[in-house]
Each structure stands twice: as C-alpha cells, then as structure tokens.
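Take a look at the structure below.
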Amino acid sequence: MAALASRSEGQKQDRDVTTDDVLRILESFPEQKNLHLNLLYDFYWEDSVDDLALLLNGWSGGLTLHHHTGTTNPLTITDAPTMCLVLCSPQNILQVFGKLNERFKGPRNPDVTWLLVLENEEGQEIMLTLEGILQEGTYITLVIKDAGGILDVFYPRADTKGLISFEKRRRLNTRNETVTEKPLSYRRDEYEKQYSDMKGRELRVAANDNFGFCSLGAAFPGGNLRLLSGIDVELLKSLARVFNFTYRVMRPADGLWGNPVPNGTVSGMIGMVARREADLAVCFISVTRDRTTVVDFTYSYYRSVIAVFSRAPRQKDRAMAVLTPFTPQVWLCITLSILILGAVISIKSKVSDFLLKEEDDTGWNLQWNTFNLFRSLVSQGSDIYAKHWWTRIILLSWFVSCLTFSASYSGMLTAALAQPAFDEPVDSLKDLPKAVKEGFTLGVKAGTNIEYLFKEATEGIYKRTWELFDHGDRTRSFVDDNVTGMKRVLESDFLLIGMKVVCELLVMKMGRNKFHIGRDDFFPHSIAIPLPRGAPYREAFDQVMMRMVEGGLISKWRGEEVRRVEERTSDDAVTSQAYAITLRHLQAAFFILITGLALATVSLIVECTTWQTLNRRALALIK
C-alpha cells in the first residue's frame with residue numbers, strides 16, 4: 001500500500017497505459033451507444049484528459065468529466081445505465097472504493113459499471129486490495145496492461161463462501177492489430193452467468209414461521225432451522241436445485257417481517273437482508289415502497305390482498321322473534337294509527353249524532369271503536385256500526401291497510417322463524433368503527449407491512465382505521481403471529497386484519513364455520529423474495545421464478561397446501577336449509593300470552609276490589 005502511495009506522484013509522466021489503450025478498451029463495449037460515460041480523473045491523467053475527451057466526443061450516450069477531490073463522489077448514486085471510467089493514481093483509486101487498510105463495503109449500484117485501467121505492477125497490487133474490500137454486486141471490469149502490451153481483462157467472481165476474487169476472462173490485443181474478439185459486456189453477462197451454477201455455495205436465508213407458506217421446525221445441531229412445509233419452502237427448494245446452492249435458515253432476533261424505522265435502522269427479515277446478514281428471505285413478504293429503498297425484490301410470484309377476519313356471526317336471540325318482522329318505528333305507527341283512528345271515529349260519531357239529532361251512544365264509544373279496530377288488524381272482524389258514508393270510507397281504508405299489514409307480517413314472520421338469523425357481519429373497513437363501539441378490539445400482526453400501511457397513512461380510511469387500534473396497550477391490538485390472532489378471534493371480541501391467502505389457510509385448519517371473512521378485501525400487492533441491493537443473482541432468480549409462475553408451479557403448491565390442510569381438518573358446514581319451527585322460535589308468542597293472562601288477572605282483581613268498594617259505599621248511602 002505504501003509503495004502504491006509513494007509512486008503516485010513520481011510516475012505521473014511515466015505511464016505505460018496510453019490514450020490509445022483506453023480508446024481500444026472502450027471500443028470493445030458494443031453498448032456504448034446506450035451508455036453514459038463518466039470519466040473520473042486526477043493529477044495522474046490531467047495532462048491527457050483533454051485529448052481523451054476530444055476523441056470520445058462521439059460517445060453517443062454522453063460524456064461527463066469529474067475531477068477527483070477525495071470526497072464522496074456522485075458517480076455511485078446514478079439511476080441510469082452508466083459506465084464510470086476511473087483514471088486516477090493507485091492511492092485515489094483505493095479512496096474511491098474504500099479507505100486504505102479498512103474493510104469497506106464499496107459502492108454498489110446495479111446501474112453502474114466501473115472500469116479500471118491499470119499498469120501491470122500496480123494493477124496486481126490494487127486487484128489484491130480490492131478483493132479484500134469489494135462487496136458482491138459491485139460491477140467492475142479491471143484491465144491490466146502487461147509488459148508485452150497485452151490488455152488482460154479481469155472480472156470479480158464470488159466463490160462458494162461468497163468471497164470475491166478476480167478472474168481473467170479476456171485478452172485484448174493492441175489497437176493496430178486486426179483480431180476478431182468477443183466484445184466486452186458493460187454489466188450483466190460477464191458477472192451474472194457465474195450464478196447459473198453456484199457450485200454448492202451456502203446462502204443464508206432469513207425466515208419466520210408463517211403457516212401455509214413457511215413452517216419452521218426445530219433447529220439442527222448447528223443452529224440451522226428446519227424447513228417443514230409451505231409454498232415458500234417449495235419455492236426455495238426449487239431454486240436451490242436449479243442453481244446448485246445449499247442454504248442455512250435463520251430467524252430474525254425481533255421476529256418481525258421488517259421495515260425501515262425512523263431511527264435509520266431496518267427491522268426484521270428485511271433488516272437482515274439489507275445489512276447482508278442474509279442473502280435472501282422467504283416468508284410471504286410483500287413488496288412495499290419503503291422496503292424497496294433498502295432491498296431489491298425478485299420477480300413477483302404471488303398477488304395478495306388484505307381482508308378483515310372475525311368470528312362467524314352468531315344467531316340472533318329468538319325470544320322476541322314475533323316482533324322482528326316489523327321495526328320499532330312500524331310498530332309505533334300501527335299503535336298510533338289504532339288509537340288516533342279510534343278517537344277520530346268516536347268524535348265524528350258524536351258530532352254526527354248531534355247535528356243529525358240522532359240518539360245513539362254506541363257509535364262514539366272510544367273503547368269500543370279502538371278495540372274493534374284492533375280486531376280487524378288481527379283478522380277477527382269488526383262490530384263497528386257504519387251507518388254513515390264517512391264511517392264506511394274510513395273503515396274501508398283501514399281494512400285495506402290491515403290486509404297489507406297482515407300479509408307483510410305473515411310472510412316476514414315465516415321467513416324469520418324458518419331461516420336462521422345472524423348478527424350483522426364485519427365485511428369491510430367501513431364497518432370497523434361501529435364494531436369497535438360495540439366492544440370489539442381491532443388487531444393486526446405486528447411488524448408487517450399491514451401495520452405500516454395504516455401507521456404511515458396521513459388521511460383517508462387507512463388513517464381513521466389506525467386510530468381505532470389500542471395504542472395504549474399494544475398487546476391488545478398487535479399480535480406476534482397470525483395463529484395467535486385467529487385464536488383471539490374465536491376466544492374474544494377481536495377482529496384481525498391480515499393477508500387473505502395466509503389467514504384463509506388458518507381458517508380452514510381451525511374450522512371454516514367458526515370464522516367470517518370480510519367480503520370487501522383491499523390493498524392488492526405483490527409478493528416476492530427480498531435480496532440485498534445490487535445482488536448479482538437477482539437476474540438469474542427472476543428468469544427461473546417467471547417460468548415457475550407461468551408454468552403453474554405456485555398454483556400447484558398452493559393447491560397441495562390446501563389439500564394438506566383439508567385432510568387434517570373436519571369442518572362441519574353451517575346449513576342454510578329451512579328446518580321445523582320449535583318452541584324456541586315461538587317463545588315470544590307464549591310470553592305475550594302469559595303476559596296478557598297476568599295483566600288480565602291483575603285487572604280482574606282491581607275490578608273486583610273497585611266494585612266491592614263502590615257497593616259498600618252505595619249501601620252506606622242507602623242506610
């Protein structure tokens with residue numbers, strides 16, 4: 001290292017690498033029409049950079065010059081296909097990729113290809129240093145000019161343990177020789193084809209227990225967790241067979257799926273992948289905007305939605321079943337109609353008798369008219385004497401109304417008694433405020449994208465839903481896993497918001513007739529495998545996973561998981577078939593009858609007592 005630093009100033013004018021060598025190398029990249037070229041230089045090349053820039057004027061993707069200042073360089077944050085040509089002293093080259101004598105996770109951007117052109121002696125030393133500081137996924141083409149003027153091309157390669165070493169792949173002859181050569185690739189071909197066969201390399205896999213997708217068992221003696229069954233388990237096994245790798249399964253310390261948090265850290269499995277503590281994660285992980293800022297995702301292999309899960313609606317109490325055909329407002333209107341109409345007939349009868357000079361006291365008796373109006377309502381006829389046309393018209397309209405009331409009541413009562421009636425279910429987010437007011441607790445699995453969906457909402461129904469959770473005691477609303485949440489749904493007034501496909505498998509396992517799945521699902525999103533940013537095996541994974549999805553393997557594995565659950569579960573479905581009416585259905589009618597008998601008895605006692613009192617007073621007056 002010290003030798004490289006000491007030679008930097010002294011060899012400024014004694015370079016073996018020439019401008020022609022640089023042009024020869026650049027011309028070997030057929031993609032130059034689509035690439036933007038960033039040229040980073042320092043004092044080591046400043047005497048030639050103007051001539052080189054003039055010769056590269058035809059670089060159709062554009063050319064930008066950067067003078068090395070020793071500070072963080074903007075070349076690593078571009079999001080367009082870019083080639084970064086570094087023409088600097090050995091000391092400054094190492095400053096670009098990491099501090100001297102420190103292991104530094106160098107600049108990684110899948111859109112950036114670094115091109116280093118070095119002389120033979122310094123090139124070998126820099127290559128050895130870079131092997132110790134580079135991280136997998138940094139795309140570098142290293143060209144070293146040997147003593148004979150031949151340009152050797154090296155590319156980084158990861159061994160079975162993930163360690164980086166440079167491997168010579170090409171030799172470029174001098175510019176004046178006419179030789180047919182395979183062109184260089186600016187990024188993918190030379191780097192990513194090595195991942196078609198990983199030669200038994202062990203990948204670290206982050207996972208959580210997630211029924212139906214990734215069921216974990218006890219750990220092996222070495223600490224490697226057992227993968228039992230699930231859709232993601234089958235997916236991982238298939239990838240391992242195709243790419244010839246093994247895997248070591250680890251669980252995140254916090255047990256969360258993970259997300260970036262305000263303090264700058266990343267939690268859960270996503271954090272393990274982002275920090276490169278794991279090479280990938282499998283556990284039915286959603287692709288979200290926040291997660292894509294810290295990890296990359298493979299091709300999506302599943303589409304999922306979110307739904308509200310509650311216990312199956314309970315049958316309504318039949319104690320007052322005979323009153324259920326009409327709402328309280330209808331019953332009130334019918335009662336008022338009888339009372340008011342009885343009074344109207346009585347008053348009009350009295351007025352009519354007075355004006356027509358008639359002597360008849362029966363026509364305007366209030367009790368008589370009201371009772372007969374009730375009789376006609378229950379189809380028992382009427383003894384109201386209609387000697388005038390106005391009385392007949394009133395009674396005619398009342399009888400037609402009674403016909404409507406009676407037919408409606410009979411039909412609704414028959415339906416209410418013959419078919420089971422259930423409480424109103426919770427089908428959507430709009431039903432949650434009412435349910436919470438009625439005593440239900442709203443819950444969600446902690447640390448998942450569902451929690452962050454509501455937590456980070458600033459307005460709308462997601463924001464209002466977040467306010468319904470119990471934030472004072474998080475243990476009431478935020479559960480560690482879906483199994484715990486679904487058990488609480490059955491044991492208490494608890495509503496769980498969860499991934500529909502995951503919780504549906506749990507519903508099948510625990511008894512389909514015990515749960516209600518909200519009809520209005522929401523927030524459709526993709527499911528994929530998270531990888532470290534710039535992971536070079538992403539492209540290879542994408543191609544295979546795309547073929548798996550198109551070939552129906554994911555659907556096949558889901559069907560097998562469903563059948564496996566159904567074989568272990570006996571679920572008695574609730575029938576909606578009509579059944580015989582029992583005493584439980586008609587208990588309200590008997591309650592009314594008993595209540596009437598009790599009131600009649602009380603009335604009889606009152607009447608007898610009053611009559612005896614009046615008789616005693618009358619006898620006293622006579623004496």
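Met486 is listed as a side-chain neighbour of Leu496, based on a closest heavy-atom distance under 4.5 Å.
Residues Arg303 and Ser526 have side chains that bring a donor and an acceptor to within less than 3.5 angstrom of each other. Side-chain polar atoms of Arg241 and Ser238 form a donor-acceptor pair below 3.5 angstrom.
Remark: aromatic rings of Tyr302 and Phe284 are close, center separation under 6.0 Å. For Phe541 and Tyr537, the distance between ring centers is under 6.0 angstrom.
Here Ile497 contributes atom CD1 and Ile306 contributes atom CD1; the two are 8.0 Å apart, rounded to the nearest 0.5 Å. Atom CZ of Arg291 is separated from atom CD1 of Ile285 by 6.5 Å, given to the nearest 0.5 angstrom. Once rounded to the nearest 0.5 Å, the distance linking CZ of Arg311 with OG of Ser492 reads 8.0 Å. Note that the CZ atom of Phe522 and the NZ atom of Lys500 stand 11.0 Å from one another [nearest 0.5 Å]. Interatomic distance, CZ of Arg547 versus CG of Leu553, reported as 11.0 Å (0.5 Å rounding). Asp159 contributes atom CG, which lies 4.5 Å from atom CG of Leu163 (distance to the nearest 0.5 angstrom).
In this structure, Asp480 has no salt bridge (charged side-chain N to carboxylate O under 4.0 Å, His left out) partners at least two apart in sequence or on a different chain. In terms of the side chain to side chain contact (heavy atoms under 4.5 Å, CB included) criterion, residue partners of Val606 (sequence neighbours excluded) are, by chain and number, Val602, Thr610. With sequence neighbours left out, the salt bridge (charged side-chain N to carboxylate O under 4.0 Å, His left out) criterion links Arg248 to no other residue. In this view, Arg204 and Asp279 satisfy the salt bridge (charged side-chain N to carboxylate O under 4.0 Å, His left out) rule, not counting sequence neighbours. Partners of Lys434 under the salt bridge (charged side-chain N to carboxylate O under 4.0 Å, His left out) rule, at least two apart in sequence or in another chain, are Glu424. Residues forming a side chain to side chain contact (heavy atoms under 4.5 Å, CB included) with Phe399 (at least two apart in sequence, or on another chain): Ser376, Ser382, Leu395.
The backbone N or O of Phe494 lies less than 3.5 Å from no partner atom in the side chain of Thr441, so there is not a single donor-acceptor pair. Side-chain atoms of Arg519 never come within 3.5 Å of backbone atoms of Ser428 as a donor-acceptor pair (strictly under, hydrogens ignored). Checked by atom type and distance alone, the side chain of Thr292 pairs as donor or acceptor with a backbone atom of Arg289 at under 3.5 Å. No donor-acceptor distance shorter than 3.5 angstrom exists from the side chain of His471 to the backbone of Ser477, with no hydrogens or angles considered. Without hydrogens or angle criteria, Asp427 side chain to Asp520 main chain gives no donor-acceptor distance under 3.5 Å. Formation of a donor-acceptor pair under 3.5 Å by the Asn244 side chain with backbone atoms of Asp197 is not found in this model. The closest donor-acceptor contact from the side chain of Trp398 to the backbone of Leu373 lies under 3.5 Å. Using modelled atom types, no side-chain atom of Thr370 and backbone atom of Gly342 make a donor-acceptor pair closer than 3.5 Å.
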Donor-acceptor contacts under 3.5 Å from residues 223-231 side chains, at least two apart:
| residue | atom | partner | partner atom | Å |
| --- | --- | --- | --- | --- |
| Asn224 | OD1 | Val249 | N | 2.6 |
| Arg226 | NE | Ala218 | O | 3.1 |

Contacts under 3.5 angstrom, residues 206-213 side chains, donor-acceptor by atom type, not counting sequence neighbours:
| residue | atom | partner | partner atom | Å |
| --- | --- | --- | --- | --- |
| Asn208 | ND2 | Gly255 | O | 3.2 |
| Asn208 | ND2 | Leu256 | O | 3.2 |
| Asp209 | OD1 | Leu216 | N | 3.2 |

Quiz: residues 328-335 side-chain donor-acceptor pairs under 3.5 angstrom, not counting sequence neighbours:
| residue | atom | partner | partner atom | Å |
| --- | --- | --- | --- | --- |
| Gln329 | OE1 | Thr327 | OG1 | 3.3 |
| Trp331 | NE1 | Leu323 | O | 3.0 |
| Trp331 | NE1 | Phe326 | O | 3.4 |
| Thr335 | OG1 | Trp331 | O | 3.0 |

Only pairs under 3.5 Å count here: list side-chain donor-acceptor contacts from residues 265-273, not counting sequence neighbours, and write none if there are none.
| residue | atom | partner | partner atom | Å |
| --- | --- | --- | --- | --- |
| Thr265 | OG1 | Asn263 | OD1 | 2.6 |
| Ser267 | OG | Asn259 | N | 3.1 |
| Ser267 | OG | Asn259 | O | 3.2 |

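Applying the ring-ring contact (aromatic ring centres under 6.0 Å, His included) rule to pairs touching residues 247-274 yields nothing, sequence neighbours excluded. Listed by first then second residue, pairs satisfying salt bridge (charged side-chain N to carboxylate O under 4.0 Å, His left out) with a partner in residues 441-468 read Glu451-Arg474, not counting sequence neighbours.
The pair Arg564-Glu561 meets the salt-bridge criterion, with a side-chain N (NZ, NE, NH1 or NH2) lying under 4.0 Å from an Asp/Glu carboxylate O.
In this structure, Tyr462 and Phe454 have perpendicular ring planes: the angle between them is above 60°, well past the 30° mark.
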